[in-house]
Amino acid sequence: MSELLAVLDFGSQYTQVIARRIRENHVYSKIYRYDTPVEVLQQDGVKAIILSGGPASVLSENAPLPDPKIFELNVPILGICYGLQLMGKLLGGVVENSTEREYGYGMLQRSQQSQIFNGLPETFKVWNSHGDRLVEMPPGFESIAVTENSPYAAIENRARKFFALQFHPEVVHTQHGKEIIGNYLKKVCGFRGDWVMSNYIESSIEQIREQVGDSKVILGLSGGVDSSVAAALIHRAIGDQLNCVFVDNGVLRKGEREAVESIFKDNFHMNLTTIDASEEFLSALADVEDPETKRKLIGNIFVEVFERTISQFGDAEFLAQGTLYPDIIESVPIDGNPAALIKSHHNVGGLPERMKLKLLEPLSELFKDEVRALGEELGLSKEMVWRQPFPGPGLAVRVMGDITREKLDILRNADVILIEEMRKANYYYKVWQSFCVFLPVRTVGVMGDERTYDYVIAIRCVESQDAMTADWAHLPYELLRTVSSRIINEVKHVNRVVYDISSKPPSTIEWE
Ligand code: XMP
């Protein structure tokens with residue numbers, strides 16, 4: 001990788017956004033721990049650095065510090081927020097504790113020409129979130145922009161190509177943030193900006209091969225986007241050394257298992273072992289009504305089944321997971337040490353430690369939409385790559401109350417109709433999720449000349465950006481009418497369909 005930028009992560013909640021903005025400019029970046037030794041950066045061929053923001057104070061005793069030799073690497077460095085204070089302190093300026101945290105918008109006024117503001121207006125709005133402030137610049141620096149609260153909102157050491165910004169250019173609240181980062185990459189660092197997803201595949205393949213060697217890798221394939229893309233990528237790298245395991249937990253949607261087998265076994269020719277553990281799951285779930293108990297049970301049984309299965313692959317050394325970057329960084333408390341807080345999030349409940357497997361997480365630097373682009377590049381179908389999220393506990397949290405095979409079948413048959421009609425009407429990809437919920441309530445109906453007394457299906461379709469908040473989708477009445485009449489006519493034991501018009505909050509997306 002010829003054009004690599006290193007983002008040193010000091011625990012900012014925006015580090016992932018910085019990396020993202022860089023890739024948007026078609027430059028390859030990697031996120032490194034804040035204290036990564038310079039030798040590692042050199043070995044990787046780092047051509048420029050960004051120091052992220054972070055919650056700590058550079059004045060505190062245990063402030064996270066970079067390897068000081070980064071300033072001797074002779075590459076451009078951009079410090080953002082905490083990064084500015086670090087550069088201020090480490091390069092000979094003065095940083096002071098501030099009694100007030102500056103948080104929110106400020107008006108930036110440019111005071112000097114600078115490559116980093118090339119093509120931008122003289123004043124624009126920027127977004128701040130910092131406690132300490134720089135009160136004296138390090139030698140060799142000059143101020144290139146001020147705000148109401150700071151004469152050093154942006155500083156530059158032109159000779160050394162060092163820049164530091166008090167505000168956050170990576171967040172959307174900062175006007176022209178994207179251009180600032182673009183200027184840094186193109187004008188200052190001279191990056192060509194020709195990085196594309198296929199380069200990512202090449203470099204990942206190399207990395208995976210290097211990491212894995214001749215060992216075997218096991219991957220729990222769920223049929224979701226992340227594990228599917230991880231499987232396709234790893235398979236491209238190491239072929240038959242990869243063993244995928246798909247567990248049928250009895251609460252999958254109709255056709256799910258067959259679809260996974262057809263894609264990965266028949267199409268990609270991967271080693272795929274399907275374990276039908278539905279009996280085990282369903283008997284454990286019988287009579288369980290409480291949603292959280294359902295979740296726990298399913299999680300625990302999954303671990304048991306998975307563990308049992310992979311003992312067949314006794315010589316496997318790695319467990320692969322489709323962990324994405326946003327899964328890795330957890331929330332960072334204000335005074336914390338970032339190192340302590342950056343931890344892996346294990347989708348399969350601590351399996352690797354228990355089984356003494358090493359983790360292989362080839363997607364851990366990517367965001368969801370990038371993983372989708374990668375999936376398409378690897379030849380996965382649009383249907384697979386753009387599928388809606390599906391919860392791990394599956395239909396168990398969509399059958400209200402206790403679960404029976406009959407209820408599951410009713411739900412599956414209704415759900416398949418909804419999804420089919422959503423696709424036909426071109427709404428499937430427009431909403432965040434669309435699914436059916438089985439209500440164990442029986443209501444009276446009339447079909448032909450006969451009175452019926454049957455179950456209710458609720459339709460839940462929501463729009464959302466990140467599942468944190470959601471609104472019910474304003475689907476056309478015609479579409480709702482078709483779905484309702486098809487479900488009632490085609491699915492035995494359903495005589496009523498209702499549409500959920502609750503937003504999140506206060507409701508949640510799933511019903512349980
Ligand atoms: P809620 O219902 O909390 O859901 O608004 C937010 C998002 O998370 C999914 N979800 C889950 N995913 N295990 C999962 O893997 C779970 O237990 C779970 N519960 C909810 C839900 O489908 C939605 O996308």
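Whatever order the structure lists ligands and atoms in, that order sets their numbers, starting from 1. In what follows, residues are counted from 1 in the order of the sequence shown.
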- Taking atom 10 (N) of ligand 1 as the reference point, the nearest protein heavy atom with its distance: Pro391 CB, 3.9 Å
- Query: Should the ring pair Trp472 and Tyr499 be called parallel, tilted or perpendicular, given that the plane angle runs from 0 to 90° and is split at 30 and 60?
  - Reply: perpendicular
- Item | Heavy atom of Trp432, distance to ligand 1 below 4.0 Å | yes
- Query: Which residue and non-hydrogen atom of the protein lie closest to atom 15 (O) of ligand 1, and at what distance in Å?
  - Reply: Gly392 N, 3.0 Å
- Residue Thr508 vicinity, atoms of ligand 1 by number, heavy atom under 4.0 Å: 1 (P), 2 (O), 5 (O)
- Tell me which protein heavy atom sits closest to atom 23 (C) of ligand 1, plus the residue, atom name and distance to 0.1 Å. Gln433 OE1, 3.3 Å
- Item | Plane angle bin for His173 and Trp127 - parallel if under 30°, tilted between 30 and 60°, otherwise perpendicular | tilted
- Looking only at protein heavy atoms, which one is nearest to atom 22 (O) of ligand 1, and how far off is it? Glu510 OE2, 2.5 Å
- Task: Give a yes or no on whether atom 8 (O) of ligand 1 lies under 4.0 Å from any heavy atom of the protein.
- Result: no
- Query: According to the interplanar angle, ranging from 0 to 90°, do the rings of Phe268 and His235 count as parallel (below 30°), tilted (30 to 60°) or perpendicular (above 60°)?
  - Reply: perpendicular
- Query: Where is the nearest protein heavy atom to atom 16 (C) of ligand 1: which residue, which atom, and how far?
  - Reply: Pro393 CD, 3.4 Å
- Message: Under the criterion salt bridge (Lys or Arg N to Asp or Glu O under 4.0 Å), I'd like the reasoning laid out for Asp415 against Arg253: C-alpha separation, chi angles, the key distance, then a yes or no.
- Response: CA-CA 8 Å; Asp415 199 64; Arg253 285 165 295 187; 5.1 Å; no
- Look only at interatomic distance and state if Ile509 has a nitrogen or oxygen under 3.5 Å from any nitrogen or oxygen of ligand 1. yes
- Atoms of ligand 1 under 4.0 Å from any heavy atom of Ala467, numbered from 1 in the order shown, are 6 (C), 7 (C)
- Task: Measure up the Tyr455 and Phe438 rings against each other and bin them: parallel (under 30°), tilted (30 to 60°), perpendicular (over 60°).
- Result: tilted
- Item | Euclidean distance, Asn495 CG relative to Ile487 CD1, rounded to 0.5 Å | 12.5 Å
- Using a strict 4.0 Å threshold on nitrogen-to-oxygen distance, state whether Lys254 and Asp409 make a salt bridge. no
- Note on the structure: Nearest heavy atom to atom 3 (O) of ligand 1, choosing from Arg460, Arg295, Lys504, Lys294, belongs to Lys504
- Item | side chain to side chain donor-acceptor pair (under 3.5 Å) between Glu361 and Thr323, worked out | CA-CA 6 Å; Glu361 296 180 309; Thr323 316; 2.6 Å; yes
